[in-house]
Every structure is written in structure tokens, then in C-alpha cells.
Amino acid sequence: MTKFQAPKGVSEYFPPRSNHFEYIRNTIIESAKTSGYELMELPVFEDTELFARGVGESTDVVRKEMYTFEDRGGRSITLRPEGTAGVMRATIEHNLDRGQLPVKVFYSGAFFRAERPQAGRYRQFYQVGIEAIGLSDPLIDVEVIAVADRAFRQLGLKNYRLEITSLGDAITRANYLSQLRAYIATLDFDEETKARAEINPLRLFDDKRPEIRSVLATAPILMDYLTPESAADFDAVKNSLEALNINFVVNNRMVRGLDYYTGTAFEFVHEGLGAQSGIGGGGRYDGLMAQLGGASLSGIGFGLGVDRILLACEAEGLSMPEGSELDLFIVPLGTAPAALAIAEELRERGLRVGMSYGDRALKGGMKAADKSGARYSIVLGADELASGEVALKAMKSGESQSVTLSLLANHLIGLTADFGDHS
RNA sequence: GUGGUCGUAGCUCAGCUGGUAGAGCACUCGGUUGUGGUCCGAGAUGUCGCGGGUUCGAGCCCCGUCGAUCACCCCA
């Protein structure tokens, strides 16, 4: 019989590493909650047209990376390649854009892009993102960036940097693009590169080939075409970031992969990940909501790649908490039913309790206790059941003390309180 | 989607110019009657990714395929 394999390019997590994944995801979510963002849980598939219009027809994501299929009713469905379009759709559909503003939400889940897989680049990957809809104040840009930066700092990441730029408003872009196209027209590229330039000339700045880069070194810079309003907003963002001691570098060649960005755009780049160095990115999308049929509201958000952040934490050798640190491990000696009853009683009290099953010898049971990582253990034999006294052994020190079985829960709760809670 | 590298026990890997597989760690049991982590002893474990070909004979050679990985494209 042939063994089943996971589909090509998906990321999977299982113990012990899944504990690290969970920790990272929770850290980001907690940071978002700290800033007042609330959960928005959305479908992983949407009408194909939503992404085509929302993300942009010219993007690679839409042109060749979407998982699109027809459902049984003949509708064209696409597995979500990013989170913002869905949030916009739900916000409009449920009239949140006509209610109290701003709408501040976070999401967490799987996303899909049919790319050639690589370390840190998967066909199913995980993002946590936030969106703040209905405020055009540049300070909200900074709030959004701060949520991500705080999460990274709490994780202990060091070797990353925040790059920011401004893509300006519609007038900025129109002026700039005509200048850039004029400049590119004077250059001689290969056919494929010409085609890319045709679709979106900004994409050329993303090219890694040195010959292309050197030619583009003298190209006009978008930053020079910012309207006074856009420039003022960008200055406000930079000043505010400085005031909060959030380090950043201005990258006036930054290219975002999605078409909806306007104004502030940013990217978090980690140095230890090879080619897939972006661990998160986002920006302002002031035209998107209206384009999808909603109110004319501005918005800003980010998406952080949980898979890549995990790789970044590992690259930096950060220690991450393991999941299930047990408070107590019970080794039964022919007393398994009673042991299970005691374990359940303690679990009802909120203690994390493990036990060995399957009639193991004492030595095997103690080995299991050791490997479980539990802080304490007890051996439960006929003697203990008869006397109601157990020897509570602290695994680390090896010392044990006699405790009355009926008081075990209270005793353990008192002991473990010193270690803080388990969350 | 394009190109390079790789695919041997649960994990990390070794396997000489082709002669039907090994190490370390992990695992199980034991080292005299009920206390783990060190040490000692014993034991189990693989269709050598999958399919085909060359050969008397292939883990080692050839082709295909699946997957991983690295770079490009692009991006979280």
C-alpha cells in the first residue's frame, strides 16, 4: 500500500514544534488585542472575483498563484491568498462601514498560494493580520506598525528591520508613473522584463539581477513626487515612529506585491532567512473599500507570516515555551482506576496531570514521569490508597514529602502558584 | 513556472572502484522485592522515496516520477 503524503508545499506543525508555532501566533494576537483589535473569523474561500478586483489583476498573486476551482453550483471559488480583501468584503456586507468607526479587527489562519515551494514559502501558510478601517490619521499607521513591532520584541527577535515608504496618493502615482514609464522607454530590456514593466513598472525595482539594478539606479524616485499632503503624512509617520523608539529605515524602492496599497507601506525583513526574508508587511489602502462597493473609507493593516517568524526565532536561537508542562505525574502500581479518578479530580481543579497507563513496572513509570517533564510525581500503590498518604516527589530536586491524598489538590495549587499560571 | 542539489532505521547521518545494509541518539526490557535523570547489559526497528531499465547481481549506474531544499520569478 502506498503511503499518503501531504500535498506539495504545505507547512505542518506537530509536537514539540507546534508549541512554538502556537506561542508565536498567540503573542501576535495578544499584541493586537492589547491595541484594541477584535477577532474577525472569515471563510478561507471567497468568490474569485473578490480577489481579482481587490488584490489587483496585474499582480502575480492573481495572475498565476491562486487556487481557483468551480464548486458544485458552478461558482468560481478561490482559496484566499491574503486577508485584506475578505475583511473588506465582510465589513461592507455586514454594514460595519456604516457603523461606529474605526473598525479594528484581527484575523488568524491559513492562506494559499500556488507557488513553487521553498523554505519559508508554502502553498498553505499562516498569517495573523490586523486591519484598521475608517481613519486617515497617520497616527493609526503608527499604531498598526507598533502592534507588529511589539510582538516581535516580545518574542525576543533582534535581527529584523522595519522598512517604510510612502506610495503617495492617486495624484502622486499618476505623475510618477508617467515619468517612470518615460524613463523606462529609453532602456533596452529583454522581452520578459519589458512585459513586467508594461503591467506595472514599479515591479522592476524588485528585480534582483545586478544588471537591471544598476540601470535602474538613476530612475526617478516616487518619493520625489509626493504631493504636499502625502509628504506631510509620511513625515508624521516617521516622527511618530521615532517618538515611540521604533527603529526603521526608509526604503524608497520598496515594492509591494498587492495593487491596493497607497500612502504608507512597510515591510519587516529578517536577516536570517535567505531569499524569503519578509516576515510581515502591510500598508494603507485608501481606495480599496470604495472599489469593492463600500463606503469611501481609508484603511490600513498588516499581515505577518507565522511560518517565517517561527523560522526567524529558530535562526536566532530563541527559547520558546513548551506546551504542556505537567504539574503532577501519577505512577499507579496496579491501581490504575483509582489513579485515573484522582487525576480527573485534580484536573477539575485546573491542575495539569499526567499518568502512566498499561501496567508498567515502577521503573518504567518513573521514566515516563521524568520524560513528561512534570514538576511533581507520586507513586500510587495499594499502600497509599490504604493510608491516604502519598510521597510527593519534586522531580528536579528528587526530594519528596508526605502529603495527605485528600489535600493533594490544595497542596499542589499552593506549590504551583509560585510558578505563575500556565497560559 | 525555470535551473542546481538532495531523498538510507523515529531523528542525525555512514555505506570504499556496483556483490542483497550500519553508527550515534531515541525507543523497549533488565541490572534481586516500590521511585526517574548518570552508568552497564540485552533487544526491536528499514519494501535503502516510488516506478522502470542496464547487469549474473544495484542503496550505489541510467531514465521517469513524487517530495524536500537552494536560487530565479514572486512573496508571508
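Here is how names work: the chains are called A, B, and so on, in the same order as the sequence lines, proteins then strands, and each is numbered from 1.
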Atom [atom1] of [X] to atom [atom2] of [N]: distance rounded to whole Å?
| X | N | atom1 | atom2 | value |
| --- | --- | --- | --- | --- |
| A/E267 | B/A76 | CD | P | 7 Å |
| A/L202 | B/C73 | CG | C1' | 17 Å |
| A/Y67 | B/C75 | OH | C1' | 15 Å |
| A/F266 | B/C75 | CZ | P | 16 Å |
| A/F152 | B/A76 | CZ | P | 12 Å |
| A/Y122 | B/U69 | OH | C1' | 10 Å |
| A/E12 | B/A68 | CD | C1' | 13 Å |
| A/L204 | B/C72 | CG | C1' | 16 Å |

Just checking, any donor-acceptor pair under 3.5 angstrom between side chains of [X] and [Y]?
| X | Y | answer |
| --- | --- | --- |
| A/D149 | A/Y160 | yes |
| A/H20 | A/E314 | no |
| A/D169 | A/T172 | yes |
| A/T68 | A/T78 | yes |
| A/D307 | A/S11 | yes |
| A/T218 | A/Y183 | yes |
| A/E131 | A/T84 | yes |
| A/R284 | A/T262 | no |

Could you give the distance separating [M] and [N] at their [atom1] atoms, to the nearest angstrom?
| N | M | atom1 | value |
| --- | --- | --- | --- |
| B/C6 | B/G31 | P | 49 Å |
| B/G51 | B/C66 | C1' | 10 Å |
| B/U12 | B/U55 | P | 37 Å |
| B/G37 | B/A26 | P | 12 Å |
| B/C56 | B/A14 | P | 31 Å |
| B/C13 | B/U17 | C1' | 23 Å |
| B/C62 | B/G18 | P | 11 Å |
| B/C39 | B/G57 | C1' | 45 Å |

Under a 4.0 Å heavy-atom cutoff, the residues of residues 304-315 of chain A touching RNA chain B are A/G305, A/R308
With sequence neighbours left out, the residues meeting ring-ring contact (aromatic ring centres under 6.0 Å, His included) with A/Y285 are A/Y260
Is A/F268 touching bases, backbone alone, or none of the nucleic acid, heavy atoms closer than 4.0 Å? nothing
Just to be sure I understand the rule, does A/A119 reach a base, reach only the sugar-phosphate, or reach nothing, if contact means heavy atoms closer than 4.0 Å? sugar-phosphate
Salt bridge (charged side-chain N to carboxylate O under 4.0 Å, His left out) pairs touching residues 381-403 of chain A, sequence neighbours excluded, are none
Check: Does the aromatic ring of A/Y126 sit over the six-membered base ring of B/A76, closer than 5.5 Å centre to centre and tilted less than 30°?
Finding: no
Output field dot_bracket for RNA chain B (Watson-Crick or G-U, both distances under 3.5 Å, | for other-strand pairs) contains (((((((..((((........)))).(((((.......))))).....(((((.......))))))))))))....
Assert: residue with more 5' nearest nucleotide on RNA chain B, out of A/V10 and A/A275, is A/V10
- Query: Strictly under 6.0 Å, is that where the ring centroids of A/F106 and A/Y37 end up?
  - Reply: no
- Item | Within the 6.0 Å centroid threshold, strictly below: A/F21 and A/Y126 | yes
> Do NZ/NE/NH1/NH2 and the carboxylate oxygens of A/E22 and A/R25 come within less than 4.0 Å?
Replying inline: no
Tell me whether A/R150 is salt-bridged to A/E30, with the criterion being a basic N under 4.0 Å from an acidic carboxylate O. no
Expected string for nucleotides 28-39 of chain B under the B/S/- scheme (protein heavy atoms, under 4.0 Å, primed atoms plus P, OP1, OP2 as sugar-phosphate) is S--B--BBBB--
For nucleotides 1-10 of chain B, 5' to 3', base contacts (B), sugar-phosphate-only contacts (S) and non-contacts (-) with protein non-hydrogen atoms under 4.0 Å give BBB-------
From CA spacing to verdict: ring pair (Phe, Tyr, Trp, His ring centres under 6.0 Å), A/F152, A/F268
CA-CA 10 Å; A/F152 292 147; A/F268 288 91; 5.0 Å; yes
